[in-house]
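Residue indices begin at 1 and follow the sequence shown. Since this is a predicted model, take the numbers as computed values, not measurements.
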Amino acid sequence: MDSTSIRDSYDAVADAYAQGFTADLATKPLDRSMLTAFSEQIPKDGPVADVGCGPAQVACFLDDLGVPVLGVDVSPGMVKVAQARRPGLDVRVGSMLDLPVGNEELAGVVAFYSLIHLRAEERSRVYAEFARVLRPGGLVLAAFHAGEEVRRRDSWFNRPVTLDFFALRPDEVAAGLIGAGFTVQATLMREPYPGEADTERAYLLARKM
């Protein structure tokens with residue numbers, strides 16, 4: 001998918017999406033556990049970027065844990081929602097393919113369901129971008145739908161969108177990160193929680209060498 005379609009689609013649903021997903025971590029104990037474990041293992045001398053942050057539910061959770069965090073999203077509408085949700089939170093418009101941070105500036109990167117709109121060649125570029133912005137020893141925590149299916153949405157929250165959702169094989173994500181200079185620290189799989197889409201979820205924690 002091109003970034004314009006992703007941006008325009010999420011701009012179109014930003015307010016409705018925020019109402020539906022802002023509090024969803026409250027019902028996802030494994031998500032909270034993975035984020036907490038991530039926060040306890042990142043280097044202590046740098047911030048974390050929540051990439052594809054949407055309404056910043058993950059960024060706010062990390063902020064509540066005392067983690068210095070910034071949000072990045074390609075959708076200005078989502079950035080506006082995130083800034084309204086938590087005034088003072090550093091939220092920036094930007095692409096995962098060209099993150100608006102300097103070389104080795106970050107201690108960690110969280111990518112919760114943001115890799116799923118990218119094709120394989122784009123994901124390889126994103127893994128290299130994660131390596132660029134992370135300090136040695138920095139961590140990536142990615143969450144995604146597991147599998148090989150592609151789902152297309154032309155409507156979401158009763159609004160027209162153009163979005164492809166790619167389920168990803170955990171071994172392929174791991175191989176891509178390893179190729180970009182990471183070592184995989186942990187992989188977790190879970191079944192969907194009540195009310196979620198009917199896909200298996202995967203979490204992958206990797207450290208920059």
Side-chain angles (χ1 to χ4, degrees), residues 1 5-6 9-10 13 16-42 48-62 73-75 78 96 108-127 129-130 139-157 161-180 182-207:
M1 290 192 63
S5 294
I6 298 171
S9 294
Y10 276 100
V13 302
Y17 183 101
Q19 292 177 17
F21 289 96
T22 294
D24 68 338
L25 284 175
T27 60
K28 298 179 180 180
L30 286 175
D31 295 53
R32 299 195 306 272
S33 295
M34 290 298 292
L35 288 165
T36 300
F38 167 85
S39 74
E40 292 174 353
Q41 296 180 74
I42 55 173
V48 167
D50 175 12
V51 298
C53 67
Q57 66 270 37
V58 170
C60 288
F61 182 84
L62 291 170
D73 202 285
V74 74
S75 162
M78 284 293 188
M96 297 173 68
V109 169
V110 175
F112 263 42
Y113 303 100
S114 49
L115 297 173
I116 61 173
H117 297 306
L118 304 177
R119 297 189 180 276
E121 61 274 15
E122 294 172 316
R123 292 196 297 273
S124 295
R125 291 172 56 194
V126 165
Y127 303 148
E129 184 68 354
F130 290 171
L139 286 176
V140 170
L141 176 61
F144 49 91
H145 303 280
E148 299 182 86
E149 183 182 6
V150 182
R151 298 187 183 186
R152 162 65 64 95
R153 277 191 180 271
D154 299 309
S155 177
W156 204 11
F157 298 103
V161 298
T162 304
L163 283 173
D164 289 332
F165 295 78
F166 295 90
L168 309 177
R169 287 174 46 189
D171 60 329
E172 289 187 355
V173 176
L177 286 165
I178 290 169
F182 292 86
T183 59
V184 174
Q185 307 283 290
T187 303
L188 174 69
M189 308 292 294
R190 71 164 173 85
E191 293 299 308
Y193 288 123
E196 287 187 321
D198 58 344
T199 61
E200 190 175 23
R201 298 324 203 261
Y203 305 81
L204 196 149
L205 183 68
R207 189 178 298 278

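Between Pro192 and Ala197, the shortest heavy-atom distance links the atoms CB-O, 3.3 Å. Between Ser39 and Ile42, the shortest heavy-atom contact is O-CG1, 3.5 Å. The two atoms that bring Arg32 and Thr27 nearest to each other are NH1-N, 4.0 Å, heavy atoms only. In plain terms, the two heavy atoms of Glu122 and Leu118 that are nearest each other are OE1-CA, 3.4 Å. The two atoms that bring Leu62 and Phe38 nearest to each other are CD2-CD2, 4.4 Å, heavy atoms only. Residues Ala206 and Leu177 share a closest heavy-atom pair of CB-CD1, 4.1 Å.
Separation of the Phe165 and His117 ring centroids falls under the 6.0 Å cut-off.
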- Task: Take Arg207 and Gln41 through the side chain to side chain contact (heavy atoms under 4.5 Å, CB included) test and state the conclusion after the steps.
- Result: CA-CA 10 Å; Arg207 189 178 298 278; Gln41 296 180 74; 4.0 Å; yes
- Message: What verdict does the side chain to side chain contact (heavy atoms under 4.5 Å, CB included) test give for Val74 and Tyr10, after you've listed the backbone C-alpha separation in whole Å, the side-chain angles of each residue and the deciding distance to 0.1 Å?
- Response: CA-CA 9 Å; Val74 74; Tyr10 276 100; 5.8 Å; no
- Would Glu129 and Met96 satisfy side chain to side chain contact (heavy atoms under 4.5 Å, CB included), going step by step from the backbone distance to the final call? CA-CA 7 Å; Glu129 184 68 354; Met96 297 173 68; over 6 Å; no
- Message: Before you tell me yes or no, could you show the steps for Phe112 and Leu141 under side chain to side chain contact (heavy atoms under 4.5 Å, CB included), namely the whole-Å CA-CA distance, both residues' side-chain angles and the distance that decides it to 0.1 Å?
- Response: CA-CA 8 Å; Phe112 263 42; Leu141 176 61; 3.8 Å; yes
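To the nearest 0.5 Å, the span separating OG on Ser114 from CG on Asp73 amounts to 8.5 Å. Annotation: the span from Tyr113 atom OH to Leu168 atom CG amounts to 11.0 Å, rounded to 0.5 Å. Between Gln57 atom CD and Leu35 atom CG the span is 10.0 Å, to the nearest 0.5 Å. Summarising the geometry, atom CZ belonging to Arg153 is positioned 8.5 Å from atom CG belonging to Leu163; distances are rounded to the nearest 0.5 Å. Once rounded to the nearest 0.5 Å, the distance linking OH of Tyr203 with CG of Asp31 reads 3.0 Å.
Qualifying side-chain contact (heavy atoms from CB on, under 4.5 Å) partners for Arg169, counting only residues two or more places apart in sequence or in other chains: Glu148, Asp171, Glu172. Legend: residues meeting salt bridge (charged side-chain N to carboxylate O under 4.0 Å, His left out) with Arg201, ordered by chain and number and at least two apart, are Glu196.
Between the Thr162 side chain and the Ser5 main chain, no donor and acceptor come within less than 3.5 Å of each other.
When side chains are defined from C-beta on, Leu115 does not count as touching Phe166, because their heavy atoms never get closer than 4.5 Å. Using a 4.5 Å cut-off on side-chain heavy atoms (C-beta onward), Tyr193 and Leu30 make contact. Taking 4.5 Å as the limit, some side-chain heavy atom of Tyr17 sits within range of a side-chain heavy atom of Pro55. Residues Val126 and Val51 have side chains not in contact (no heavy-atom distance under 4.5 Å, counting atoms from C-beta outward). Between Glu200 and Arg190, every side-chain heavy-atom pair lies at or beyond the 4.5 Å cut-off.
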